[in-house]
Amino acid sequence: MKLNYDVLVIGGGHAGCEAACASANMGAKTCLVTMDMNKIAQMSCNPAIGGIAKGQIVREIDALGGQMGLVTDATSIQFRMLNVGKGPAMWSPRAQCDRGKFIWEWRRMLDETPNLDIWQDQADELLVENGEAVGVKTIWGAELYAKCVVITAGTFLNGLMHIGRKMVAGGRIAEPAVAHFTESITRHGVVSARMKTGTPVRIDKRSVHFEDLEEQPGESRPYQFSYMKKKGALKQLPCWTVNTNPEVHEILRSGLEDSPLYNGQIQSIGPRYCPSIETKLVTFPEREKHPLFLEPEGEDTNEMYLNGFSSSLPMDVQIEALKKMSAFRDVKVYRPGYAIEYDFFDPTQLKHSLESKIISNLFMAGQVNGTTGYEEAGGQGTMAGINAALKAGAAGGCGIATDTTGFVLHRDEAYIGVLIDDLVTKGVDEPYRMFTSRAEYRILLRQDDADARLTEKAYELGLAKRDRYDWWLQKKQAIEEIEHFCQEFAIKPRLINSGLKALGTTPLQFGCKLAELVNRPQLNLENLSEIIPQLKEVLNRPINRQAEIREAAEVRMKYKGYIERERMVAEKMHRLENIKIRGHFNYEELQGLSTEARQKLTKIQPETLAQASRIPGVSPSDINVMLVLMGR
């Protein structure tokens with residue numbers, strides 16, 4: 001049997017779902033191939049979306065017309081805004097979700113997406129003709145052909161699970177690994193390697209002594225990820241915190257000789273910023289306790305997730321150690337934690353569009369590129385789906401389809417742009433996780449302004465639909481109205497000084513504009529509106545009542561100087577972004593470059609001088625050499 005499509009997406013995880021929806025919504029005839037339609041967008045590890053920098057990525061996916069924010073809002077059982085004690089560049093939304101309902105909400109999204117078919121099967125071989133990907137052959141013998149193929153296979157490629165000394169092939173617990181598919185790609189010159197990740201024990205809620213845990217409630221304010229304002233209706237639940245203790249550590253250490261991480265069984269590198277509990281003990285031997293977070297898996301299930309207790313130790317060691325904490329003294333578990341090794345492909349072999357430099361029309365997204373996290377996968381999937389659709393001819397009414405670079409976000413435009421640029425420019429030697437510290441322009445990449453940065457671009461692509469675009473225009477107008485009022489409204493000291501004293505800030509000596517008062521750290525639009533009736537009137541207009549609009553206007557005023565300065569720095573870097581160097585140099589012949597620079601530049605072949613400057617081992621003097629050779 002043979003089927004023909006514009007875009008073929010292999011893998012129904014977070015990257016695959018976003019890629020398939022993006023491609024189909026841009027008008028490309030798309031097929032999503034997944035091994036199990038009942039586990040679409042499975043949250044394989046933590047049932048939560050967002051977090052530090054990850055929450056910003058979800059906002060960006062939503063602003064681009066993606067689905068992760070909408071699905072999260074519909075299935076959220078707890079929402080928190082992290083880092084609110086810091087500046088707005090650091091604020092990061094995070095939601096705990098109902099794992100089962102998350103899957104079915106995603107399934108509903110896919111079922112309702114036009115131009116999208118789902119084929120339940122397992123890819124067995126990538127079909128390549130004349131250096132171009134043309135489709136896949138499945139284990140059941142179906143041949144699916146397409147103009148572009150997007151690989152989003154997660155941890156399934158030659159996946160191998162570990163619990164103690166026991167090893168079982170699989171891509172996820174109780175799910176088979178995908179053999180042969182990696183080899184069908186690497187035989188064409190694409191380089192693969194191995195990575196490792198892991199997940200914690202799952203606990204039966206009925207066996208937990210909650211009186212010995214500290215409750216961690218969510219936010220009372222109704223935060224959401226999506227800008228589209230579709231409120232979820234699930235019951236909001238607390239999480240719980242507890243600490244390990246020396247007795248727990250002693251039992252865990254007794255099992256280290258059977259740990260696949262330390263007995264030579266696992267050779268690959270795991271995620272640095274989400275280490276197993278045994279790695280924590282070895283890395284920080286002086287610590288007497290480590291924090292753990294007990295999180296619900298859903299509103300109507302007894303299954304709970306023990307965040308911070310990721311492990312591949314023997315199952316009896318894991319359970320015995322748990323019982324040394326008072327809250328878990330009678331613990332019952334559904335399954336122990338385990339580690340998994342899997343294949344990934346060196347991302348420096350990709351263009352910024354996420355298309356392979358080696359096999360044309362082949363795109364890759366998610367953990368196969370060496371990343372970790374649902375959000376990083378979803379962001380890559382969105383971009384791969386967009387670019388695959390563009391290359392397949394689904395231009396969506398925009399002029400980008402003729403641009404050989406495809407649709408690319410720069411480092412000052414999105415965390416997604418930082419993520420992809422880091423991957424294809426620097427490569428990875430451990431699973432890549434996004435942090436705010438990775439973005440040099442993070443004051444420009446706040447969680448409150450993703451739609452300001454991206455929605456118009458997405459609308460031009462044909463991905464963001466008219467309702468999303470219209471809402472952004474209304475929001476933009478409302479923010480500008482509040483800003484303009486504050487910049488123009490004159491404040492007289494005699495009318496406001498008593499109110500300023502009551503709010504704990506210095507009285508005015510001279511008159512000023514309202515925006516100057518907003519800039520004071522003790523003041524904000526909310527408390528100023530209580531002493532300035534005219535401001536209260538503006539804020540009480542129907543659209544201006546929305547917290548996200550007030551928040552965006554206030555951030556733009558308070559941080560105006562920082563924002564403008566960072567934008568100037570970004571514009572200077574764009575000058576280097578505009579200097580194209582791919583194909584201009586034979587780096588091996590440039591003796592003015594350092595040996596390391598010649599090797600790295602030859603391997604990665606950066607598109608622009610700015611990308612070259614970000615490659616580890618390429619120094620400013622190397623950049624100057626190339627500038628001189630180009631007559632700059």
Side-chain angles (χ1 to χ4, degrees), residues 6-26 28 30-34 39-44 49-50 54 56-72 102-103 106-107 109-110 113 115-116 118 123 146 148-157 225 344-345 347 350-356 362-392 394 406-409 414-420 423-424 432-434 450 454 458 461 463-464:
D6 294 322
V7 175
L8 197 57
V9 180
I10 310 302
H14 301 272
C17 288
E18 292 290 0
C21 279
S23 170
N25 281 324
M26 288 177 64
T30 305
C31 182
L32 174 64
V33 180
T34 179
K39 292 182 178 176
I40 291 286
Q42 166 78 291
M43 301 169 103
S44 309
I49 293 292
K54 294 168 173 281
Q56 284 88 327
I57 291 176
V58 181
R59 284 279 173 106
E60 291 171 356
I61 293 169
D62 182 73
L64 286 167
Q67 312 304 316
M68 185 177 280
L70 288 168
V71 174
T72 301
F102 189 92
I103 292 171
W106 248 118
R107 174 72 180 274
M109 288 280 191
L110 296 173
T113 299
N115 305 313
L116 178 59
I118 301 176
C148 291
V149 179
V150 184
I151 306 297
T152 64
T155 61
F156 282 78
L157 299 182
F225 270 109
F344 79 100
F345 303 98
L350 300 174
K351 303 174 184 176
H352 277 72
S353 63
L354 295 180
E355 183 183 8
S356 171
L362 175 66
F363 295 78
M364 294 185 178
Q367 284 182 278
V368 294
N369 287 342
T371 63
T372 180
Y374 313 136
E375 304 81 6
E376 290 88 342
Q380 292 173 72
T382 302
M383 297 300 289
I386 290 170
N387 282 305
L390 288 173
K391 191 156 191 193
F407 177 64
V408 175
L409 294 174
Y415 272 93
I416 295 173
V418 175
L419 164 66
I420 293 174
L423 291 175
V424 305
Y432 180 102
R433 176 178 177 175
M434 179 53 71
L454 301 175
L461 281 169
L463 180 55

Worksheet item: When rounded to the nearest 0.5 angstrom, what is the spacing between CG in N387 and CZ in F407?
Response: 8.0 Å

Worksheet item: side chain to side chain contact (heavy atoms under 4.5 Å, CB included) between I40 and T34: does it pass, once the steps are laid out?
Response: CA-CA 8 Å; I40 291 286; T34 179; 4.0 Å; yes

Item to complete: Given side chain to side chain contact (heavy atoms under 4.5 Å, CB included), test L390 with L461 step by step and report yes or no.
Response: CA-CA 9 Å; L390 288 173; L461 281 169; 4.1 Å; yes

Discussion item. As an exercise, state the distance from CG of L110 to CG of L116, rounded to the nearest 0.5 Å.
Written reply: 6.0 Å

Worksheet item: Under 4.5 Å between any side-chain heavy atoms of F345 and L157, yes or no?
Response: yes

Worksheet item: From I118 CD1 over to C17 SG, what is the distance, rounded to the nearest 0.5 angstrom?
Response: 8.0 Å

Discussion item. Under a 3.5 Å distance rule, please check whether Q67 uses its side chain to pair with a backbone N or O of W106 as donor and acceptor.
Written reply: no

Worksheet item: So, for G12 and L32, which heavy atoms are closest and what is the spacing to 0.1 Å?
Response: CA-CD1, 4.1 Å

Worksheet item: Between the side chain of S356 and the main-chain N/O of L350, is any donor-acceptor distance below 3.5 Å?
Response: no

Worksheet item: Got I420 and L409 here, is their nearest side-chain heavy-atom distance under 4.5 Å?
Response: no

Worksheet item: Do you know the tightest heavy-atom contact between M68 and E18?
Response: N-OE2, 2.8 Å

Discussion item. Using 0.5 Å steps for rounding, measure from the NE2 atom of H352 to the CG atom of L423.
Written reply: 9.5 Å

Worksheet entry | Between CZ on residue F102 and OG1 on residue T72, distance to nearest 0.5 Å | 4.5 Å

Item to complete: Evaluate the side chain to side chain contact (heavy atoms under 4.5 Å, CB included) criterion for residues S23 and D6: first the C-alpha distance (whole Å), next the side-chain angles of each, then the deciding distance (0.1 Å), finally the verdict.
Response: CA-CA 9 Å; S23 170; D6 294 322; 6.0 Å; no

Item to complete: Identify the two heavy atoms, one from F363 and one from C148, that lie closest to each other, and give their separation to 0.1 Å.
Response: CE1-SG, 3.9 Å

Worksheet entry | Donor-acceptor contact below 3.5 Å, side chain T371 vs main chain G366 | yes

Practice prompt. Check step by step if side chain to side chain contact (heavy atoms under 4.5 Å, CB included) holds for I49 and V71.
Written response: CA-CA 10 Å; I49 293 292; V71 174; over 6 Å; no

Fill in: M364 side chain reached by L354 side chain, heavy atoms, under 4.5 Å
no

Worksheet item: Can you find a heavy atom in the side chain of K391 that is under 4.5 Å from one in the side chain of E355?
Response: yes

Discussion item. Exactly one of R433, H14, K54 should register a side-chain hydrogen bond (donor to acceptor under 3.5 Å, both in side chains) with E376. Which one does?
Written reply: K54

Worksheet item: At their closest point, which heavy atom of F344 faces which heavy atom of N369, and how far apart are they?
Response: CD1-C, 4.3 Å

Worksheet entry | Which atom of A450 lies closest to which atom of A63, heavy atoms considered | O-CB, 3.5 Å

Practice prompt. Report the distance from atom OG1 of T113 to atom CG of N115, rounding to the nearest 0.5 Å.
Written response: 9.0 Å

Worksheet item: Are the side chain of S353 and the backbone N or O of K351 linked by a donor-acceptor pair below 3.5 Å?
Response: no

Worksheet item: Is any side-chain heavy atom of I416 closer than 4.5 Å to a side-chain heavy atom of I61?
Response: yes

Worksheet entry | Polar side-chain atom of E375 near backbone of V58 as donor-acceptor pair, under 3.5 Å | no

